[in-house]
Amino acid sequence: MEAYILEWLNFLGRWFHMIVGIAWIGASFYFIWLDSHLRTPRYAEEVERLGLSGEVWALHGGGFYRAQKFKVAPPEMPHPLHWFKWEAYSTWLSGMFLMVLIYYVQADIYLIDKRVAPLTHLGAVALGLAFLALGWIIYDILCKTALSKNEPVFAGILFALSTGAAYLLCSFFSGRGAFIHFGAMLGTIMAANVFFVIMPGQREMVKAKAENRVPDPSHAANGKLRSVHNTYFTMPVLFVMISNHYALFTSHKYNWVVLMTIALAGVLIRLYFTFKHRGNHLPWLFGGGLLILAALFWALRPVALPPQPAGVASAVKFADVQRIIGERCAVCHAEKPSYAGFVAPPKNIRLDSSAQIVANAQSTYAQAVVLKAMPPGNLTQMTDAERELLARWHVAGAKAE
């Protein structure tokens, strides 16, 4: 019953996280687009009277819209005034709920890999939380230095620090655990930007207006800077959110390089659209992102095993293959998994019969032999000799003979 409840909590948490995440990212992308498309107001008399800095006219859903931006604040504070904050908070809170539910409660399955580092359950959780906190602290300190004013230099420093974080995470955790913590670190920075910088600045601007003081424009500048940073963090975070479905990336020997390569490609593609919104068409940014992905595609291509002598191939007995899969894989991949925490076979792949083993031979070979992603964290202690035997069986034709 406990596993059943966890499965439902997992489903509901993911669904909610996806909904609020779409709302947050959608609002972020829209306002970046909006700010980049501001034009001189159509009615000149409003510029001086209202203190406008620009406006955007749009047509959507059969209606005309006019969005205006003030240089600092409107002449009078309107009511109601809509604040964009709960999308960010809800996304982070639901993400942390899933982190605790999946990677901390079930750390032995999804977070710890003894082949990577001999962590204890408590030690792994503490280390994961430390990465989230330190990521924000270091980033926030850097943003308050003069370095943040030089965009290329600041971007280079952030990328170098992020690469170091990716390397360390992949040196302590399982591939899946490392990737998700990298994304959570960036997500924490994004949410903290809203909570500690953007929202307090906006509150101060509203307060100043209510007290008939001229709002400090630095709050608007700081808020915009952090919002721009958030839009670039979004692409790596989105990749990480789906990365646990792709052992090709998370289980690679140099998974930290793979992670940063895809992150870089995503940032370049996002950068292309950001500049395009500003009227600067730089196709090399988009092309560069695609070229990086193409290079990664080539670098990760599978290498076929050399054919083995007929005598060696025929020496593999299916009974041995069935025993290995039964002991190491079928505890989870069965109609009724016996391993704690599973109520159904992952990805609906069953390996509890001869027919199912043969039918799923290709995926078993890919996950257990090529990627060594299964069993997760090598929970069932599959040996290299057993993986080699599965490889020989696959080369011999993967038959139940």
Side-chain angles (χ1 to χ4, degrees), residues 18 21 25 29 110 113 115-116 155-156 158-171 173-187 231-276 281-307 346-349 360-377 387 390-391 394-395 398:
M18 182 177 68
I25 293 170
F29 279 17
Y110 297 113
D113 188 337
R115 296 169 298 178
V116 177
L158 284 185
F159 185 79
L161 290 174
S162 297
T163 301
Y167 175 78
L168 290 174
L169 285 166
C170 291
S171 299
F173 298 140
S174 68
R176 289 180 59 172
F179 275 46
I180 206 69
H181 272 81
F182 183 84
M185 181 184 69
L186 296 184
T231 196
Y232 294 129
F233 290 148
T234 296
M235 300 302 281
V237 170
L238 287 174
F239 161 67
V240 165
M241 287 174 66
I242 62 172
S243 65
N244 62 351
H245 296 287
Y246 303 98
L248 170 68
F249 304 136
T250 59
S251 297
H252 194 273
K253 180 181 179 180
Y254 298 107
N255 50 5
W256 64 277
V257 177
V258 174
L259 171 57
M260 293 310 301
T261 300
I262 295 179
L264 178 60
V267 169
L268 287 178
I269 292 171
R270 179 60 189 152
L271 193 61
Y272 162 77
F273 284 104
T274 302
F275 274 106
K276 187 173 183 293
H281 187 62
L282 303 174
W284 64 268
L285 287 171
F286 192 87
L290 294 182
L291 282 175
I292 288 174
L293 292 177
L296 186 63
F297 172 83
W298 177 257
L300 300 184
R301 71 192 187 282
V303 179
L305 284 175
K347 295 187 178 181
N348 202 32
I349 294 176
N360 291 289
Q362 181 61 44
S363 61
T364 301
Y365 170 72
Q367 296 292 327
V369 178
V370 178
L371 301 174
K372 294 186 179 180
M374 294 294 160
R387 296 180 196 274
L390 292 178
H394 181 269
V395 170

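Any value given below was found using the heavy atoms of this structure, including those in side chains, with hydrogens, waters and symmetry copies removed.
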Exercise. Are the ring centres of Tyr272 and His281 closer than 6.0 Å?
Worked result: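 Yes, they do, as the ring centres are separated by less than 6.0 Å.
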Exercise. Which of these passes side-chain contact (heavy atoms from CB on, under 4.5 Å) with Tyr365: Leu371, Val370, Val395, Leu390?
Worked result: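 Answer after filtering Leu371, Val370, Val395, Leu390: Val370.
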Problem set entry | Polar side-chain atom of Arg387 near backbone of Ala368 as donor-acceptor pair, under 3.5 Å |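 Side chain of Arg387 to backbone of Ala368: a pair is present.
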What's the separation between atom [atom1] in [X] and atom [atom2] in [Y], rounded to the nearest 0.5 Å?
{"X": "Thr250", "Y": "Arg176", "atom1": "OG1", "atom2": "CZ", "answer": "7.5 Å"}
{"X": "Ile269", "Y": "Tyr232", "atom1": "CD1", "atom2": "OH", "answer": "13.5 Å"}
{"X": "Ile262", "Y": "Tyr246", "atom1": "CD1", "atom2": "OH", "answer": "10.5 Å"}
{"X": "Ile180", "Y": "Phe173", "atom1": "CD1", "atom2": "CZ", "answer": "12.5 Å"}
{"X": "Leu186", "Y": "Phe233", "atom1": "CG", "atom2": "CZ", "answer": "6.0 Å"}
{"X": "Thr364", "Y": "Met374", "atom1": "OG1", "atom2": "CE", "answer": "10.5 Å"}

Would you check if [X] and [Y] make a side-chain contact, meaning some heavy-atom pair closer than 4.5 Å?
{"X": "Val267", "Y": "Pro236", "answer": "yes"}
{"X": "Leu259", "Y": "Phe239", "answer": "yes"}
{"X": "Leu300", "Y": "Phe249", "answer": "yes"}

Closest heavy-atom pair and its distance - [X], [Y]:
{"X": "Ala361", "Y": "Ala398", "value": "CB-CB, 3.6 Å"}
{"X": "Met235", "Y": "Gly266", "value": "CG-O, 3.4 Å"}
{"X": "Val116", "Y": "Cys170", "value": "CG1-O, 3.5 Å"}
{"X": "Leu268", "Y": "Gly289", "value": "CD1-N, 4.1 Å"}
{"X": "Ile349", "Y": "Ser363", "value": "CD1-OG, 4.3 Å"}

Problem set entry | Partners meeting salt bridge (Lys or Arg N to Asp or Glu O under 4.0 Å) with Arg115 (sequence neighbours left out) |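 Result, salt bridge (Lys or Arg N to Asp or Glu O under 4.0 Å) vs Arg115: Asp113.
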Problem set entry | Steps toward side chain to side chain contact (heavy atoms under 4.5 Å, CB included) verdict (His394, Gln362) | CA-CA 8 Å; His394 181 269; Gln362 181 61 44; 3.1 Å; yes
Problem set entry | side-chain hydrogen bond (donor to acceptor under 3.5 Å, both in side chains) contacts in which one or both residues fall within residues 251-270, not counting sequence neighbours |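 Listed by first then second residue: Thr231-Arg270.
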For this session: Start with the C-alpha gap between Phe179 and Ser243, add the side-chain angles, then the distance that decides, and say whether side chain to side chain contact (heavy atoms under 4.5 Å, CB included) holds.
Result: CA-CA 7 Å; Phe179 275 46; Ser243 65; 3.7 Å; yes
For this session: Decide side chain to side chain contact (heavy atoms under 4.5 Å, CB included) for Phe286 and Leu271; before the verdict, give the C-alpha distance in whole Å, the side-chain angles of both, and the deciding distance to 0.1 Å.
Result: CA-CA 8 Å; Phe286 192 87; Leu271 193 61; over 6 Å; no
For this session: Using a cut-off of 6.0 Å, state whether more than 12 heavy atoms not belonging to Tyr167 lie near its atom OH.
Result: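 Incorrect, the count does not exceed 12.
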